[in-house]
Amino acid sequence: MLKERGISKKDLSRKEFLDYAWEWKEKYGGIILEQLKKLGASCDWDRTRFTMDEELSEAVIDTFIHLYKKGWIYRGVRMVNWDPQGKTAVSDEEVIRKEVNQKLYYIRYAVVNSELVKTKEITPHSLLTTNYLTIATTRPETIMADAAICINPNDERYFHLHGKKALIPLINREIPIILDEYVTMDFGTGCLKVTPAHDLNDYELGQKHLLPVIDILNDDGTLNENAQILVGEDRFAARKKIAVLLEEAGALAKVEEYKSQVGFSERTNAVIEPKLSMQWFCKMDEMAKPALDYVLNGEIKLIPEKFINTYRYWMENVKDWCISRQLWWGQQIPAYYLPNGAYVIAKTKEEALEQANKLITTTSPFTIDDLKQEEDVVDTWFSSWLWPISVFDGFKDPDNADINYYYPTNDLVTAPEILFFWVARMIMAGHEFRGQAPFKNVYLTGIVRDKLGRKMSKSLGNSPDPLELIEKYGADGVRVGMLLCSPAGNDLMFDESYCEQGRNFANKVWNAFRLVKGWEVDTNLPNNNQIAIEWFDSRFNQALTEIEDNFTQYRLSEALMATYKLVWDDFCAWYLEMIKPAYQQPIDQETYARTISFFENILKVLHPFMPFITEELWHDDELFGARADKDCCIVARLPYNGEVNTQLLLDVEIIKQVVTQIRNIRNTKQISPKEALQLSVKPNSSINYSQHQLIITKLANISELNLVNDKVNGAMSFLVATDEFFIPLNESLDPLAEAERLKKEKEYLNGFLKSVNAKLSNERFMSNAKPEIIEIELKKKTDAEAKLRILDDGLAALEN
RNA sequence: GGGAGUUUAGCUCAGCUGGUUCAGAGCAUCUGCCUUACAAGCAGAGGGUCACUGGUUCGAAACCAGUAACUCCCA
């Protein structure tokens, strides 16, 4: 925004910058809220809050003071990831490591000849005649910051160097040669230059050996006076120049190509500089322990569970949290420096002054102008981790109605990449400040990727605009599309075609509504649809249990799919077709009433996925009658624990198979759906086909359904379970082809029977397998045998 | 370098404690239909050596070991 207006941050005061930042926040924060509203997020929009709001900021400051008093916040020199371009410390997680082609410089350091040193006869010539050791480094510009050379004490090549000193080339500063097993003997030359100020490992090594820390870099990545040479040059320019200088001095042994990992700043893409700097830290170990326990003992559930391992690893190896940031946007750290460099922590400048004067007794007390507040602000997560409490003013007013009601909450939905930054720390803060975890379940969504598996990003331009998608497919369509490709815990490969599927589904619901709404009721008509109604009732109750089960396991895309199939297949494709009156014919009262009630239930199940269309249809007075004020789909109750007639469900599955078989015959025989067919059934099972006659004749366009005791010769036949069906066709049946078909089926059954028999005659199977498994195998056997007999009969009949 | 995870149909994924939920779903594909709710649709069909190699078992997509490829976290 500033760039667009041609404003540079350098020209602004802190106050001015913050004004712009707020302006930006109002604009873009507003856009995000609008997108959420458009997507149908059901929130209390009158009570939005922001971590920089006054009350929430106050909580941040109070927390800082609280933790400081506890001794958990301290100031320390630490190696941080310094972004020389942004001039700020960034967290480890904001550093992106990339493999980069670099050069490995081999540099000769003179080993100090004590004799020569004594006589101070160090000249280029004397150096040349002295012993050398060679080190390998990718960063020759840092040699001026070297504090030692380290070798492995077991390295036989360098026994003669023990206790000696070396000279840094170009600046001829003397540094000790130290021994540490940390050095890998077979990497590089086996001699390691130790540069505590500019490398994390070297820093630790330096601490161990009490080496001085010489920082030769400025905040912007240029060399400072400590470097003695190339002062003011940028680190990368200095690298090239020093290589030349070393070459000229005869100190450069060789240069090799080398691949290594280099850290880049996520924000500015600048190469990260390990830098010692004064930062504020928050101790983590004591807070991490209870936070880990909540998850390990199941008080907080992570979904999916696979994240527990990662969580545990992080919490067990937790490092102190660097909470200071060299930025303006954020809560300014409540530390006030005195002229002598000491500081006090206080909520306001006045309190700080009071404290300072209490602390130090001098003849002339400090004045308010003597105090200077810390410029740094806290890390953004230092406000976010308080969110579950601060959002309800739980710090200022720990017993207010809101927080008592909303804390702890049930579910937190968030992205796995901030499991540690945010989730873990919220758990810590929850425990520390309320003695209770802030939530029970953490649902970790996938990262949205594009079809090719790439992360959505601005630079790739592969992130779709939600508002555009909504424009194209409708908010419900987009929601369904997103959920269709969101299996729990996996990344989601987003593709617009899912939204298209969502839109088509919404369209389907709309059309079903149109159909039902168009029906006229004739109260004189009898209800012929009892079976269909009972069937769908059972099917709905069964599906509801399934859907609910999916929800409790946070399998959202599966809950959606179960709903999708219930609505599209069971309701639209089967039920509505079963009861649909002929064109412009009326429907009976009872069927109509039951269907409307089914439709209402359908809307309730659909609502979480498609809030807009369902609420819209719900309020159609014509179909559902006028509704009371607060009678909305969003709060409607689902009819749980409805009865499920399992036998009926099974019977209708058979009926559906019969219908499908007939349709299949039409398809293969090219018979128009308009042409009614005759159907004869020779039932061998217990299914009462006359009971289901209406459904079959309607869905398969059957003119008459006859129950017969004998085969019908010369008719097309098929089997469903063990029942035989016959359709006489106008054209004469080709007996050879028919025999061929039956033989093929027989062949398959024989093979199947053979494998079943093999199991049953296997002694070890019979003695080891569970009885119910054996029973199932036996049933397979008798069923297959029965079918084979029917096929044989059919074949025999054909031959006659 | 250390740790974790993934691999099932063209795509995205289910598949629990080994056996009728066992090879599944949706989409895509193919065939036939403008059948008065819906062509953004209807009806039907075809797709897989469950990454590979061994092992355990009466029985393995599932359990074990090894191999390969990919992903993530940490150094």
Q. Does the side chain of A:Lys319 get closer than 4.0 angstrom to OP1 or OP2 of B:A75 through an N or O atom?
A. yes
Q. Quick one: A:Glu653 CD to B:U20 C1', roughly how many Å, whole number?
A. 15 Å
Q. Can you name the one residue among A:Glu777, A:Lys780, A:Lys781 that meets side chain to side chain donor-acceptor pair (under 3.5 Å) with A:Asn757?
A. A:Lys781
Q) Tell me: CG of A:Leu778 to C1' of B:U20, nearest whole Å? A) 14 Å
Q: Looking at every strand, decide which applies to A:Gln585 at a 4.0 Å heavy-atom threshold: base, sugar-phosphate, or nothing.
A: nothing
Q | Value in whole Å for how far the C1' atom of B:U21 lies from CD1 of A:Ile776 | A | 11 Å
Q) Whole Å only: how far is the OH atom of A:Tyr313 from the P atom of B:C74? A) 9 Å
Q: Find the partner of B:C72: check Watson-Crick (N1-N3 plus N6-O4 or O6-N4) and G-U wobble (N1-O2, O6-N3) distances, both under 3.5 Å, and reply none if neither fits.
A: B:G3
Q.
So if I take every side-chain heavy atom of A:Asn507 and compare against B:C38, B:U35, B:A37, which nucleotide ends up nearest?
A. B:C38
Q.
For A:Phe540 and A:Phe536, take the angle between the two ring planes, folded into 0 to 90°, and tell me which bin it lands in: parallel under 30, tilted 30 to 60, perpendicular over 60.
A. tilted
Q: Take A:Val659 and A:Asn504, find for each the nucleotide of RNA chain B with the closest heavy atom, and name the residue whose nucleotide sits nearer the 5' end.
A: A:Asn504
Q | Side chain of A:Arg503 (C-beta onward), nearest among B:A37, B:A40, B:C58 | A | B:A40
Q.
Between B:C33 and B:C72, how far apart are the two C1' atoms, rounded to whole Å?
A. 49 Å
Q.
Suppose you measure atom P in B:U36 against the same atom in B:G26; what distance do you get, rounded to whole Å?
A. 26 Å
(Q) Just the rounded figure in Å: distance from P of B:A43 to CD1 of A:Ile662. (A) 15 Å
Q | Whole angstrom value for the distance that separates C1' of B:U12 from CE of A:Met482 | A | 14 Å
Q. Is B:U20 paired to anything, Watson-Crick or G-U wobble with both distances less than 3.5 Å, and if yes, which nucleotide?
A. none
Q.
My understanding is that a pair needs two contacts under 3.5 Å, Watson-Crick or G-U wobble. By that rule, which nucleotide pairs with B:C52?
A. B:G66
Distances under 3.5 Å between protein N/O atoms and the N/O atoms of nucleotides 22-27 of chain B, please, pair by pair.
residue, atom, partner, partner atom, Å
B:A25, O2', A:Lys565, NZ, 2.9
B:G26, O2', A:Gln501, NE2, 2.5
B:C27, OP1, A:Tyr564, OH, 3.3

Q) Would the number of heavy atoms belonging to other residues, nucleotides or ligands and lying under 6.0 Å from CD of A:Glu316 be above 12? A) yes
Q: For B:C42, take OP1 and OP2 only and decide whether either is under 4.0 Å from a side-chain N or O of A:Lys508.
A: yes
**Q.** Whole-angstrom distance between B:C16 and B:G54, as gauged at atom P
**A.** 25 Å
Q) Is any side-chain N or O of A:Arg514 closer than 4.0 Å to OP1 or OP2 of B:A37? A) no
Q: Quick one: look up who B:A43 pairs with, Watson-Crick or G-U, both distances under 3.5 Å, and put none if it's unpaired.
A: B:U31
Q.
Does B:G44 have its OP1 or OP2 closer than 4.0 Å to a side-chain nitrogen or oxygen of A:Arg663?
A. yes
(Q) Roughly how many Å apart are B:C52 and B:U8, using the C1' atom of each and rounding to a whole number? (A) 14 Å
**Q.** Along RNA chain B (nearest heavy atom to each residue), the more 5'-positioned of A:Asn667 and A:Phe505
**A.** A:Phe505
Q: Report the glycosidic orientation of B:U20: syn if within 90° of 0, anti in every other case.
A: syn
Q) Quantified in whole Å, what is the P atom distance between nucleotide B:G10 and nucleotide B:A75? A) 40 Å
(Q) Could you check whether A:Arg594 makes a cation-pi contact with A:Trp519, meaning its NZ or CZ is under 6.0 Å from the centre of the six-membered ring and within 45° of the ring axis? (A) no
Q) Does atom CD of A:Gln542 have more than 12 heavy-atom neighbours from other groups under 6.0 Å away? A) yes
Q. Counting side-chain heavy atoms from C-beta on, which of B:A43, B:A37, B:U35 comes nearest to A:Lys580?
A. B:A37
Q: Let me know the distance between CZ of A:Phe307 and C1' of B:U6, rounded to the nearest Å.
A: 12 Å
**Q.** Ring centre gap for A:Phe513 and A:Trp510 strictly below 6.0 Å
**A.** yes
Q) How long is the line joining CG of A:Asn768 and P of B:U57, in whole Å? A) 11 Å
Q. Does B:G26 pair with anything, Watson-Crick or G-U wobble, both distances under 3.5 Å, and if so, with which nucleotide?
A. B:C11
Q) Is the distance from OP1 or OP2 of B:G41 to the nearest side-chain N or O of A:Asn511 less than 4.0 Å? A) no
Q. Is it true that a side-chain atom of A:Arg479 and a backbone atom of A:Pro608 form a donor plus acceptor pair closer than 3.5 Å?
A. yes
Q | Nearest listed nucleotide, side chain of A:Asn309, among B:A43, B:G5, B:G19 | A | B:G5
Q | A:Ser557 side-chain N/O to B:U12 phosphate OP1/OP2 under 4.0 Å | A | no
Q) Which base, if any, makes a Watson-Crick or G-U wobble pair with B:U36, both distances under 3.5 Å? A) none
**Q.** Nearest heavy atoms of A:Glu675 and A:Arg666, plus distance in Å
**A.** O-NH1, 2.7 Å
(Q) Does A:Glu471 have more than 12 heavy atoms from other residues, nucleotides or ligands lying within 6.0 Å of its CD? (A) no
Q.
Between B:G46 and B:A4, how many Å separate the two P atoms, rounded to a whole number?
A. 44 Å
**Q.** For the student: nearest non-hydrogen atoms of A:Met578 and A:Ala532, plus distance
**A.** SD-CB, 3.7 Å
Q | B:A40 to B:G24 separation - P atoms, rounded to the nearest Å | A | 31 Å
Q | Nearest-angstrom distance, P atom, B:U21 to B:U57 | A | 25 Å
Q) Since syn is defined as within 90° of 0, does B:G47 count as syn or as anti? A) syn
